[in-house]
J.: 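Just passing along the structure, written as structure tokens.
Basis for what follows: all heavy atoms, side chains included, without hydrogens, waters or symmetry-related copies.
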Amino acid sequence: MSIPIAYQGGTSAAVPDWLNKGDNAWQMISATLVGLQSVPGLVILYGSIVKKKWAVNSAFMALYAFAAVVICWVIWAYKMSFGDKLLPFWGKAGPALGQKFLLKQAALPATTHFHGDGSVETAMITPYYPMASMVWFQCVFAAITVILLAGSVLGRMNIKAWMAFVPLWLTFSYTVGAFSLWGGGFLFQWGVMDYSGGFVIHLSSGIAGLTAAYWVGPRSTKDRERFPPNNVLLTLAGAGLLWMGWAGFNGGDPYTANIDSSIAVLNTNICAATSLLVWTWLDVIFFDKPSVIGAVQGMITGLVCITPGAGLVQGWAAIIMGILSGSVPWFTMMIVHKRWPLLQKIDDTLGVFHTHAVAGLLGGLLTGLFAEPTLCTLFLPVANSRGGVYGGSGGIQILKQLVGGGFIIGWNVVVTSIICVVIDKVIPLRMSEEQLLIGDDAVHGEEAYALWGDGEKYDSTKHGGLYSDDTLHYRTTASSGATQVV
């Protein structure tokens, strides 16, 4: 008696001979973990770490971006990032929707690597699962990049302008970085290392976020002076989803469930834990109190820093990277930011420049220093790739990393600026003064909590001792530690 094709083994239509069920399962699980980092991870984190009157707006910006990226990705952006080459830094646009395309074996056509004489050094990347798995896995990376960028403009960007910004930035910025470094573009061919997105995702979102924050302008004076998180415990819940979801972020990027995936996941957790501890110690040393928000920032910088080298460095290097990711971004955020007039002028709401751009560039450079030759052979297309501490060709690798980071920085500053200027000609980038004063209720007609509004006069008979974050009844002592920058 025959059984449905879906359950037949061997080389049935549902189980072709090239399919590895373990790889396919891990890739889809990894994609789901990365998706959970955004929805609900960053939705919860953004909605909790901001002032109460911006909770709904901040969470919705993340939710909207995720949905918008999914549709743009499958209609045109996937192939611009991982399809056939159009330019050295860009792929040809096209849909990733048809059954014929999605059910065939995954392949990134521009990733064939050639020797200088034109002969093939490393064949095209062809994972053992269908294109549908690859399209979805790469989609959630694109989505979280735009959502991270949003952290720089929370609390004042016009939601309608944001709705236009998301597809434009995805199309003209993200796809360029993804193709150049991952999809077979010129930086990929040259051998720039970016294991899982230190440059493609974090450096680009941090630089683009700072640039967008400049064009949108600062929050209201009142919000900049006082912006307490409305729910620190939920902030920790969102941060926890971000941390655990990083197993898919870095563990899924070998495109297979192999030994390199295992070391990438372990290194990710080593670096994140080290960075969180270092950031917390620095807060205690200099501010006398361990800041919970500071610990979250340290966790994020550790995750970001290890990302470009997760499967390329040894465990001892992951600890060193954690020490540096917990201290260098802390220094730029807590010291440099407060003394540099330019950074003071630009209102980066959640400090995305420090947690993602600084940590991402730092991680990319440290990868060029610590990438271990044997681990490099498991993943990279360029033979004899190695970090600077291993001698040989390692010295030039740091230069390659600098050039790769410089390209991402320059492209994002220019393209993000153009996008913001163009949108502002049609839709105001910034909310109206009334919306800035009132917040969620004016923008969405909704509020996060069934409490009393920010602008109401306190009435003990009505409000039962519950304090608004804007009344004199709230404690007036200054926050300490990293909380000050949020």
J.: Ignoring hydrogens, what is the shortest heavy-atom contact between S205 and H356? Give both atom names and the distance.
T.: OG-CB, 4.1 Å

J.: Evaluate the side-chain proximity of T256 to P127: yes if any heavy-atom separation is below 4.5 Å, no if none is.
T.: no

J.: Quick one: pull up OG1 in T274 and CE in M321 and give me the separation to the nearest 0.5 Å.
T.: 11.0 Å

J.: Here's one to test your reading of the geometry: is the NZ or CZ of K21 within 45 degrees of the ring axis of Y128 and under 6.0 Å from its centre?
T.: no

J.: Would a 4.5 Å heavy-atom cut-off, applied to side chains only, mark F186 and S180 as touching?
T.: yes

J.: If you measure from OG1 on T211 to CH2 on W169, what distance do you get to the nearest 0.5 Å?
T.: 10.5 Å

J.: When you look at T307 and W246, which way does the side chain to side chain donor-acceptor pair (under 3.5 Å) test go after all the steps?
T.: CA-CA 9 Å; T307 290; W246 227 281; 2.9 Å; yes

J.: Using 4.0 Å as the upper bound for N to carboxylate O, is an ion pair formed by D347 and R219?
T.: yes

J.: Taking C-beta and beyond as the side chain, do M244 and N269 meet within less than 4.5 Å on heavy atoms?
T.: yes

J.: Do the non-hydrogen side-chain atoms of P95 and V74 ever get within less than 4.5 Å of each other?
T.: no

J.: Verify whether one side chain among T171 and W76 offers a donor that lies under 3.5 Å from an acceptor in the other.
T.: yes

J.: Taking C-beta and beyond as the side chain, do L399 and V403 meet within less than 4.5 Å on heavy atoms?
T.: yes

J.: Hey, does the Lys NZ or Arg CZ of K85 hover above the aromatic six-ring of W90, less than 6.0 Å from the centre and inside 45° of the axis?
T.: no

J.: Can you tell if the side chain of F249 reaches within under 4.5 Å of the side chain of T268, non-hydrogen atoms only?
T.: no

J.: Got a donor-acceptor contact below 3.5 angstrom from the Q37 side chain to the L242 backbone?
T.: yes

J.: Would you find a donor on one side and an acceptor on the other, under 3.5 Å apart, between the side chain of S385 and the backbone of P381?
T.: no

J.: Take L312 and L380, measure what side-chain contact (heavy atoms from CB on, under 4.5 Å) needs, and give me the verdict at the end.
T.: CA-CA 9 Å; L312 304 176; L380 299 175; 4.2 Å; yes

J.: Using a 4.5 Å cut-off on heavy atoms from C-beta on, say whether the side chain of C271 contacts that of I319.
T.: no

J.: Applying side-chain hydrogen bond (donor to acceptor under 3.5 Å, both in side chains), can you list everything that pairs with S417, at least two apart in sequence or on another chain?
T.: W215

J.: Taking all non-hydrogen atoms of both residues, which atom of S204 and which atom of N412 are closest, and how far apart?
T.: CB-ND2, 3.4 Å

J.: As an exercise, state the distance from CD1 of I398 to OG1 of T367, rounded to the nearest 0.5 Å.
T.: 11.0 Å

J.: Is the number of heavy atoms from other residues, nucleotides or ligands within 6.0 Å of CD1 (I335) greater than 12?
T.: yes

J.: Would you say the side-chain atoms of D283 and W330 include a donor-acceptor pair closer than 3.5 Å?
T.: yes

J.: Quick one about S325 and S275 (side-chain donor to acceptor, distance below 3.5 Å, no hydrogens or angles considered), yes or no?
T.: yes

J.: Taking atom OH of Y214 as the centre, report whether more than 12 heavy atoms of other residues, nucleotides or ligands fall under 6.0 Å from it.
T.: no

J.: Which pair of heavy atoms, one from L210 and one from S152, lies closest together, and at what distance?
T.: N-OG, 3.9 Å

J.: Got a second to check how far L42's CG is from S48's OG, nearest 0.5 Å?
T.: 11.0 Å

J.: Please round to the nearest 0.5 Å and tell me the distance separating atom CG of L149 and atom OG of S173.
T.: 8.0 Å

J.: Looking at W18, I'd like to know if its CH2 atom is crowded, meaning that more than 12 non-hydrogen atoms belonging to other residues, nucleotides or ligands lie closer than 6.0 Å.
T.: yes

J.: Would you give the length of the straight line joining atom CZ of R386 to atom CE of M193, rounded to the nearest 0.5 angstrom?
T.: 9.5 Å

J.: Which heavy atom of G315 sits nearest to which heavy atom of I270, and what is that distance?
T.: O-CG2, 4.2 Å

J.: Out of D348, T332, T301, which one pairs with H354 under the side chain to side chain donor-acceptor pair (under 3.5 Å) rule?
T.: T332

J.: Quick one: does Y64's side chain have a donor or acceptor within less than 3.5 Å of a partner on M163's backbone?
T.: yes

J.: Shortest non-hydrogen contact from V50 to L154?
T.: CG1-CD1, 3.8 Å

J.: Could you tell me if the ring centre of H202 sits under 6.0 Å from that of F141?
T.: no

J.: Using side-chain hydrogen bond (donor to acceptor under 3.5 Å, both in side chains) as the criterion, list what pairs up with E121, not counting sequence neighbours.
T.: H113

J.: Less than 4.5 Å apart, any side-chain heavy atom of C420 and any of F165?
T.: yes

J.: Take the angle between the ring planes of Y195 and F379 and call it parallel below 30°, perpendicular above 60°, tilted in between.
T.: tilted

J.: Taking all heavy atoms of G360 and all of P308, pick out the closest pair and write down the distance.
T.: O-CG, 4.4 Å

